[in-house]
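To keep things clear, I will list the structure first and then write my remarks on it.
Just so we're clear, the structure is a prediction, and the values are computed from it rather than from any experiment. The chain is numbered in sequence order, starting from 1.
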Amino acid sequence: MATTLAPRSAADDPERVPPAAPPRRRIDAVDLVRGLVIVLMLLDHTREYVHRDAALFQPTDLPRTTVALFFTRWVTHLCAPVFVLLAGTGAALYGARGHSKGELARFLVTRGLWLVVLEFTLVRFGMAFDLDYRGYPGMLEVIWALGASMILLAAFVRLPTAAIAAVGAAIVLLHNLTDGWTVLGWRGPGTAGPDALGAVWMVLHQPGFITVLGVPLLVAYPLLPWLGVMLLGYALGTVYGWEPPRRRRLLVRLGLALSVAFVALRAVNLYGDRAPWSAQPSAAFTLLSFLNTTKYPPSLLFLLMTLGPALLLLAWAERAPRGALGRALVTFGRVPLFFFLVQWLPAHGLALLLARLAGKPAAHLFGMPGATPPAPGAGFGLATTYGVWLLGLALCYPLCRWYAGVKQRRTDWWLSYL
């Protein structure tokens, strides 16, 4: 979502409500944090295709993982919450450029629909490297969650910002009260999927397989908690009209409050996550258990654990030095959707190339993830995974720098959709 602000007069349209003192340039701090999580996202996707154990067990499965593998996955938990939060912030900043509420709502609906289309076309191809939709049309993943949340956000933008923040906070705080409401999802050929109401509930809050026209569809990102995060992100957009010292104080205080709330709630094991932590054979693994919160759907504790540090990062980024690394992260953060679409080529393609060069099995790299189990000997170690990740970043950077330049030089309407 674009974060360039160009204020214009609101005198002729009561729906135009820019912040009191809107910034006139791109907000580099927002782009830097978004760029950081994009870099981490590529690490996670590279691991899924390169690492030998990616298709065998989850890296947060404590009986089977290692500390290094756990944290390789855990640090990437920051990605989806930050994407969704800052998409909401970007929507608020888009409106602050002088667009009416009606224009903002139309933009959110059309861009949201576009993201849903991309989820089942370019994103699916990048994940699967095949075009066979007959057995597995795709997954409702993060791009779907972003798109569907934008469409729903369009219905809220005419409300006062405080009301939007209150609804978002209520969803995030209370959605775990429904954890006991479960339906039986589709379990494989010859089994019945959930009925229509059950499928709707799974789309909203329960991950698993539903069937659409008899074809299985994996709900990986149930919508309800992500909508709550986007509503909070939209409310957060208002602080970017404040003076920087006041904004930084709020970001630091909120970030610390959420982080402390995570530690306190997680410690008592009473509410906020369906998977309680427990003492493990070692102190290190007890810590891993404490940090091992639920992402699908994102629990209250998962969101506190990730959004607290995200707000602290936003505060830090306003004063962070802009050396070569900082400038590279800002560049990535200015073209997030473009990067998301491009990054499948190095994450997936380099894994396939490396397997061929090493003479390792590669059949599992075609088709939707998990559809074909890897043959014995497939995949590589964690060090190789990190090396491929760095190579992937090096390949993506020139493309992202070029496209960021295009967006800076031109104002074509379609650039807001990519």
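- With sequence neighbours left out, Thr182 forms a side chain to side chain contact (heavy atoms under 4.5 Å, CB included) with Gln206.
- Ala155 meets the side chain to side chain contact (heavy atoms under 4.5 Å, CB included) test with no other residue; sequence neighbours excluded.
- Within a 6.0 Å sphere centred on CZ of Arg253, other residues, nucleotides and ligands contribute 12 heavy atoms or fewer.
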Side-chain donor/acceptor pairs under 3.5 Å, residues 260-271, sequence neighbours excluded:
{"from": "Arg266", "atom 1": "NE", "to": "Phe290", "atom 2": "O", "distance (Å)": "2.8"}
{"from": "Arg266", "atom 1": "NH1", "to": "Ala275", "atom 2": "O", "distance (Å)": "2.8"}
{"from": "Arg266", "atom 1": "NH2", "to": "Ala275", "atom 2": "O", "distance (Å)": "3.3"}
{"from": "Arg266", "atom 1": "NH2", "to": "Ser289", "atom 2": "O", "distance (Å)": "3.0"}
{"from": "Arg266", "atom 1": "NH2", "to": "Asn292", "atom 2": "O", "distance (Å)": "3.3"}
{"from": "Asn269", "atom 1": "OD1", "to": "Trp277", "atom 2": "N", "distance (Å)": "3.3"}
{"from": "Asn269", "atom 1": "ND2", "to": "Trp277", "atom 2": "O", "distance (Å)": "3.0"}
{"from": "Tyr271", "atom 1": "OH", "to": "Leu173", "atom 2": "O", "distance (Å)": "2.7"}

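- Taking Thr110 as the reference, Tyr417 meet the side chain to side chain contact (heavy atoms under 4.5 Å, CB included) condition, with sequence neighbours excluded.
- Among residues two or more places apart in sequence or in another chain, the side chain to side chain donor-acceptor pair (under 3.5 Å) test is passed with His77 by none.
- Under the 3.5 Å distance criterion, the side-chain polar atoms of Tyr133 are matched with a main-chain donor or acceptor of Phe120.
- Exactly one residue among Arg327, Arg334, Arg34, Arg319 makes a salt bridge (charged side-chain N to carboxylate O under 4.0 Å, His left out) with Asp28. That residue is Arg334.
- Judged as a salt bridge (charged side-chain N to carboxylate O under 4.0 Å, His left out), and not counting sequence neighbours, Glu48 has no contacts.
- Residues meeting the salt bridge (charged side-chain N to carboxylate O under 4.0 Å, His left out) test with Arg187, sequence neighbours left out: none.
- Side-chain atoms of Asp44 never come within 3.5 Å of backbone atoms of Thr76 as a donor-acceptor pair (strictly under, hydrogens ignored).
- With sequence neighbours excluded, no residue forms a side chain to side chain donor-acceptor pair (under 3.5 Å) with Tyr397.
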Pairs of donor and acceptor atoms involving the side chains of residues 341-362, under 3.5 Å and at least two apart or interchain, shall be tabulated with distances.
{"from": "Gln343", "atom 1": "OE1", "to": "His45", "atom 2": "ND1", "distance (Å)": "2.9"}
{"from": "Gln343", "atom 1": "NE2", "to": "His45", "atom 2": "ND1", "distance (Å)": "3.3"}
{"from": "Gln343", "atom 1": "NE2", "to": "Phe340", "atom 2": "O", "distance (Å)": "3.0"}
{"from": "Trp344", "atom 1": "NE1", "to": "Phe340", "atom 2": "O", "distance (Å)": "3.2"}
{"from": "His348", "atom 1": "ND1", "to": "Gly126", "atom 2": "O", "distance (Å)": "2.8"}
{"from": "His348", "atom 1": "ND1", "to": "Met127", "atom 2": "O", "distance (Å)": "3.3"}
{"from": "His348", "atom 1": "NE2", "to": "Leu365", "atom 2": "O", "distance (Å)": "2.5"}
{"from": "Lys360", "atom 1": "NZ", "to": "Gly377", "atom 2": "O", "distance (Å)": "3.0"}
{"from": "Lys360", "atom 1": "NZ", "to": "Gly379", "atom 2": "O", "distance (Å)": "3.4"}

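- The main-chain N or O of Ala235 is found under 3.5 Å from a side-chain atom of Thr238 such that the two form a donor-acceptor pair.
- Both the sub-6.0 Å distance and the 45° axial angle are not jointly satisfied by Arg111 relative to the ring of Trp114.
- Within the 3.5 Å criterion, the main-chain N or O of Thr293 finds no donor-acceptor partner in the side chain of Asp273.
- When the salt bridge (charged side-chain N to carboxylate O under 4.0 Å, His left out) test is applied to Arg124, the partners found at least two apart in sequence or on another chain are Asp130.
- The side chain to side chain donor-acceptor pair (under 3.5 Å) pairs that include a residue from residues 214-229 are Tyr221-Lys295, where partners are two or more places apart or lie in different chains.
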Which atom pairs, one a donor and one an acceptor, fall under 3.5 Å between side chains of residues 192-201 and the rest of the protein, sequence neighbours left out?
{"from": "Asp195", "atom 1": "OD1", "to": "Leu197", "atom 2": "N", "distance (Å)": "3.3"}
{"from": "Asp195", "atom 1": "OD1", "to": "Gly198", "atom 2": "N", "distance (Å)": "2.7"}
{"from": "Trp201", "atom 1": "NE1", "to": "Trp181", "atom 2": "O", "distance (Å)": "2.7"}

